[in-house]
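Comments concern the structure below.
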Amino acid sequence: MDAQSYNTALADLRGVRDQIKKTRAALVKLEADRDRRIVQLASYEKAKAERIAPAAGLGVAAVVALAPALAPDSLDLQQAPQPSAPKPSTSQTPSAAVTLPPQAAPAATAVRAEPAAPDEARTVSATPPAAAHKAQRELPSIPAGLSGDAWFAHTTGLASTRPNFTQQARSTVFLDATTGILVHRSQTHHLDLAGRSAADILTAVFHTVPEGVERIYITAGDPWHRDADRYPYLRDAVAAWLNAPIAGWRTDTGRGRDRMAGHFVHARHPVGRYQSETGDLHVEIRSVGEWFDTDGDDPHIIRDAFVLLWQALRRHWDDAVIMGSPSQTGRDLWTRTIPARGQHADGFPVLSEELRSLLHATAGQGRNELLTPPRVPEQLPQLVEYDRTFAYAKHTWKSPVGTPCRITARTFATWSEKEQMRALYGCGHWQVRVTVPDTWNHVGLLPAPAPADRAWHYPAQPGTTFTTWAGGPEIHTALTNPLTPWKIEILDGILWDDGKPLDDWARKLKDTWTNLSAQAHFQGNPQQARAAHLASRAVRSILLYGIGSFAQRPRMVTGTTPRTMERDVPPDAEIIGFDDELITWQKPTGFTRDPNAHPEWSAAIWSAARAALLTQRHRDDDTYAGALHTPPRTVVAFRTDALYLTQPHHWPYHHQPGDYLLKGHLTGPVTAPTTEEELLALRDLGRAALTTRQEG
């Protein structure tokens with residue numbers, strides 16, 4: 001083989017690679033359709049896994065993993081392979097069973113600690129069968145003994161402290177990439193964006209605003225999607241748009257105290273960071289969709305929304321600056337509420353990397369679950385959407401602080417009932433073995449590691465036993481729910497002191513939100529009312545994404561390599577996109593030394609929010625709301641802080657954080673959705689129908 005044929009063969013190989021990527025995408029869709037059909041077949045009362053398996057081209061075990069109800073009656077569970085259990089939950093470490101008397105109410109909880117016998121600690125749940133566990137994602141555990149105890153410390157020299165500098169504002173413009181309308185301060189310009197490339201935008205903006213711009217918000221048009229039809233994935237199109245060469249510009253390497261370097265590849269809300277070749281100009285191109293959803297709003301209204309937001313924040317923070325994203329803004333504002341004197345004047349220390357990694361792997365975020373037939377009727381009588389208003393703001397009043405303690409099952413079992421309940425009421429994260437009651441006929445209560453690529457699911461089948469991690473609010477809900485207490489066995493746990501590190505920050509944001517919401521309601525000028533509404537939604541994003549940013553996911557670095565230099569792609573990198581000239585890749589780099597990394601706060605708030613979707617007390621009205629206060633088989637879906645039901649409920653709504661707001665109502669009969677796309681389509685129809693009904 002000579003050099004020419006070698007290069008030709010390489011070109012052919014790249015073509016095969018591109019085709020493989022497209023084929024894999026098609027295969028994923030087909031496999032999802034196959035799995036959905038298997039679940040539908042399983043609803044037939046005489047369905048058998050032995051008949052479905054060859055029709056699906058799968059083994060019996062794989063079919064049963066998708067539809068546990070099809071488990072053969074003759075399966076010998078005692079001889080089946082046991083699911084891998086985390087180390088602390090083996091027979092070497094007893095578990096502490098938390099139980100309740102049958103008629104116990106939340107105010108009169110009884111707890112009994114019972115160390116399990118070795119055989120009990122190895123018991124396998126009768127459903128789903130052992131074969132299904134092979135597909136489960138195994139959650140990590142804390143190592144036994146001194147090696148695990150060493151995790152319970154803080155990272156040396158790393159703590160959140162109050163800043164001693166004033167954040168600098170960035171010169172910002174608002175650009176509609178469809179119409180070319182640019183709003184800069186009080187001026188309006190009409191730009192010719194040609195092909196809407198990053199080069200076209202930078203050239204047009206800097207020609208119009210020669211004194212310089214540091215942030216360009218795209219209000220409409222999504223220019224990074226202009227070539228979406230040419231790529232198998234949206235991220236590929238976005239990466240190609242961000243990385244296209246621009247004469248006189250290169251990718252920014254970061255600057256200042258809020259150092260952010262490189263492009264951020266995101267399918268919907270990417271961030272392009274550029275600096276001039278001379279190094280004296282730095283600019284970001286961002287989507288305003290990071291802050292709120294727009295509905296055809298022109299750049300003038302969006303610019304006014306940011307002005308109103310800044311003015312409202314300044315009432316609580318005299319040095320408030322709106323940064324590029326809600327998460328950056330939220331964390332910056334929070335650091336400015338760290339006490340200058342008193343108990344936490346030295347800041348809030350960051351947990352060990354081991355505990356941060358554990359929380360990252362075991363503390364999920366919002367509950368997103370779609371219940372399909374036969375768990376709900378094939379034809380729904382109606383579809384009603386309830387959304388918890390500014391939900392996370394309700395759960396910031398108490399958060400973990402201080403050095404955490406390890407609570408082993410043995411330690412928990414030695415405590416009195418009062419000590420156990422105080423711990424479960426407190427700020428903790430617990431590894432538990434859970435058993436669904438034999439008489440249970442409602443939704444699942446606790447998250448469990450899900451099969452395949454899904455993050456979490458919520459087992460609800462009677463008799464199911466599983467091992468998971470959960471926060472105190474969810475554990476307490478499982479024990480004191482209004483239907484039947486669940487069996488919870490404590491295997492291991494992390495317990496902090498109760499504190500209020502987020503209370504002042506959240507209180508100020510809630511007051512800002514209330515003020516802007518009132519402006520939106522009472523403002524006589526429709527444009528200013530709309531701007532105030534968008535500003536209130538931006539406050540919600542500041543709190544929501546600010547909380548998310550405390551979780552500090554492991555950092556992912558994105559880079560590009562010319563296709564002529566493929567051998568230079570890092571060996572541990574994943575290729576996420578490519579075109580005729582560049583290969584785009586990403587690789588994990590672990591956790592950075594982030595002084596504001598507090599995943600324990602995010603985990604506690606997310607757990608409380610998931611629990612409130614199930615049951616939430618309204619003290620002033622002496623009533624409860626949530627999924628567990630609806631009849632069985634009437635919950636269609638959970639979506640972060642929203643519930644979708646088959647019938648309306650008269651739950652109190654006082655415009656307060658956490659209240660259930662009626663957001664959509666679609667009269668039936670409605671075919672039950674079986675995919676997220678179908679649910680979202682019905683959601684939009686329901687919202688439109690409710691708006692029409694209210695206006696009429």
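- Put simply, the side chain of Leu680 reaches to within 4.5 Å of the side chain of Arg683, judged on heavy atoms.
- One finds the NE2 atom of His263 at 5.5 Å from the CG atom of Leu242 (value rounded to the nearest 0.5 Å).
- Considering every non-hydrogen atom in both Ser602 and Phe550, the closest pair reads OG-CB, 3.4 Å.
- The backbone N or O of His225 sits nowhere less than 3.5 Å from a side-chain atom of Asp222 that would complete a donor-acceptor pair.
- Each of Val288, Leu182, Ile285 was checked for a side chain to side chain contact (heavy atoms under 4.5 Å, CB included) with Leu175, and the lone residue meeting it is Leu182.
- The residues Asp641 and Arg540 are annotated as salt-bridged, a charged nitrogen and a carboxylate oxygen being separated by less than 4.0 angstrom.
- Two residues are said to be in side-chain contact when any heavy atoms from C-beta on lie closer than 4.5 Å; Gln167 and Phe165 meet this criterion.
- When atom types are taken as modelled, the side chain of Thr188 and the backbone of Val183 share no donor-acceptor pair closer than 3.5 angstrom.
- The CD1 atom of Ile547 lies 12.0 Å from the CD1 atom of Ile542; values are rounded to the nearest 0.5 Å.
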Could you check Thr640 against Tyr392 for side chain to side chain contact (heavy atoms under 4.5 Å, CB included), going step by step and ending with a plain yes or no?
CA-CA 10 Å; Thr640 307; Tyr392 287 1; 4.0 Å; yes
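- Looking only at distances, no side-chain donor or acceptor of His189 sits under 3.5 Å from a matching main-chain atom of Gly180.
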Run the side chain to side chain contact (heavy atoms under 4.5 Å, CB included) check on Ile605 and Leu502 step by step: do they pass?
CA-CA 11 Å; Ile605 292 170; Leu502 303 177; 3.7 Å; yes
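- The line from CZ of Phe390 to CG of Leu543 is 4.5 Å long, rounded to the nearest 0.5 Å.
- For Asp12, the CG atom sits in a packed shell: over 12 heavy atoms of surrounding residues, nucleotides or ligands are nearer than 6.0 Å.
- By the 4.5 Å heavy-atom criterion applied to side chains, Trp291 and Ile322 are counted as neighbours.
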Could you go step by step and tell me if Trp249 and Tyr274 meet the ring-ring contact (aromatic ring centres under 6.0 Å, His included) rule?
CA-CA 6 Å; Trp249 296 86; Tyr274 304 92; 7.0 Å; no
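- With hydrogens and angles ignored, the 3.5 Å screen pairs no side-chain donor or acceptor of Trp505 with any backbone N or O of Leu333.
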Side chain to side chain contact (heavy atoms under 4.5 Å, CB included) assessment of Glu214 paired with Val283
CA-CA 4 Å; Glu214 296 175 281; Val283 63; 5.7 Å; no
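- At least one test fails for Arg162 against the ring of Phe348: distance under 6.0 Å to the centre or angle within 45° of the axis.
- Counting only distance, with no hydrogens or angles, the side chain of Arg286 and the backbone of Gly324 share a donor-acceptor pair below 3.5 Å.
- Atom CG in Leu534 sits 9.0 Å away from atom CZ in Phe306 (nearest 0.5 Å).
- Residues Val321 and Arg170 have side chains not in contact (no heavy-atom distance under 4.5 Å, counting atoms from C-beta outward).
- Side-chain contact between Trp224 and Val265: absent, with no pair of heavy atoms (C-beta onward) separated by less than 4.5 Å.
- For the pair Trp397 and Lys394, the tightest heavy-atom approach, listed with the atom from each and the gap, is CD1-O, 3.5 Å.
- Between the side chains of Asp200 and Ser197, at least one donor N or O lies within less than 3.5 Å of an accepting N or O.
- Looking only at distances, a side-chain donor or acceptor of Arg196 sits under 3.5 Å from a matching main-chain atom of Gly221.
- Of the residues listed (Arg331, His344, His598), the one engaging Ser160 in a side chain to side chain donor-acceptor pair (under 3.5 Å) is His598, and it is the only one.
- Looking only at side-chain heavy atoms (C-beta outward), Thr337 and Trp334 come within less than 4.5 Å of each other.
- Other residues, nucleotides and ligands contribute only 12 or fewer heavy atoms inside 6.0 Å of the CG atom of Asp346.
- Applying the 6.0 Å contact sphere to CD of Gln343 captures no more than 12 heavy atoms from other residues, nucleotides or ligands.
- Heavy-atom contacts from other residues, nucleotides or ligands closer than 6.0 Å to CG of Asn525 number more than 12.
- Between the Ser549 side chain and the Gly546 main chain, a donor and an acceptor come within less than 3.5 Å of each other.
- With rounding to the nearest 0.5 Å, the separation of CZ in Arg639 from CD in Glu676 is 4.5 Å.
- Here the closest heavy-atom approach between residue Glu290 and residue Ser325 is recorded as OE1-CB, 3.6 Å.
- Looking only at atom types and distance, the side chain of Gln528 has a donor-acceptor partner in the side chain of Asp304 under 3.5 Å away.
- Judged by distance alone, with hydrogens and angles left aside, the side-chain atoms of Thr514 form a donor-acceptor pair with the main-chain N or O of Lys510 at under 3.5 Å.
- At least one donor-acceptor pair closer than 3.5 Å links the side chain of Arg610 to the backbone N or O of Gln365.
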Verdict with supporting geometry, Thr219 and Arg303, side chain to side chain contact (heavy atoms under 4.5 Å, CB included):
CA-CA 10 Å; Thr219 65; Arg303 183 254 181 199; over 6 Å; no
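- His300 has its side chain within reach of Ile181: a pair of non-hydrogen atoms, C-beta onward, lies under 4.5 Å apart.
- Across all their heavy atoms, Ala535 and Ala305 have their closest contact at CB-O, 3.5 Å.
- The main-chain N or O of Gly330 is never found under 3.5 Å from a side-chain atom of Asp332 such that the two would form a donor-acceptor pair.
- Tested against His184, the residues Val205, Val173, Thr208 include a single side chain to side chain contact (heavy atoms under 4.5 Å, CB included) partner, Val173.
- Going from atom CG of Asp252 over to atom OG of Ser276 covers 9.0 Å, rounded to the nearest 0.5 Å.
- Counting heavy atoms of neighbouring residues, nucleotides and ligands inside a 6.0 Å radius, atom CD of Gln527 does not exceed 12 of them.
- Taking a cutoff of 4.0 Å between a charged side-chain nitrogen and a carboxylate oxygen, Asp504 and Lys508 qualify as a salt bridge.
- Side-chain contact between Asn515 and Arg315 is present, with at least one heavy-atom pair separated by less than 4.5 Å.
- For Asp192, the CG atom is loosely surrounded, since the number of other residues' heavy atoms within 6.0 Å does not exceed 12.
- Taking every heavy atom of both residues into account, Leu308 and Ala532 meet most closely at CD1-N, 3.6 Å.
- Residues Pro400 and Trp601 share a closest heavy-atom pair of O-NE1, 2.7 Å.
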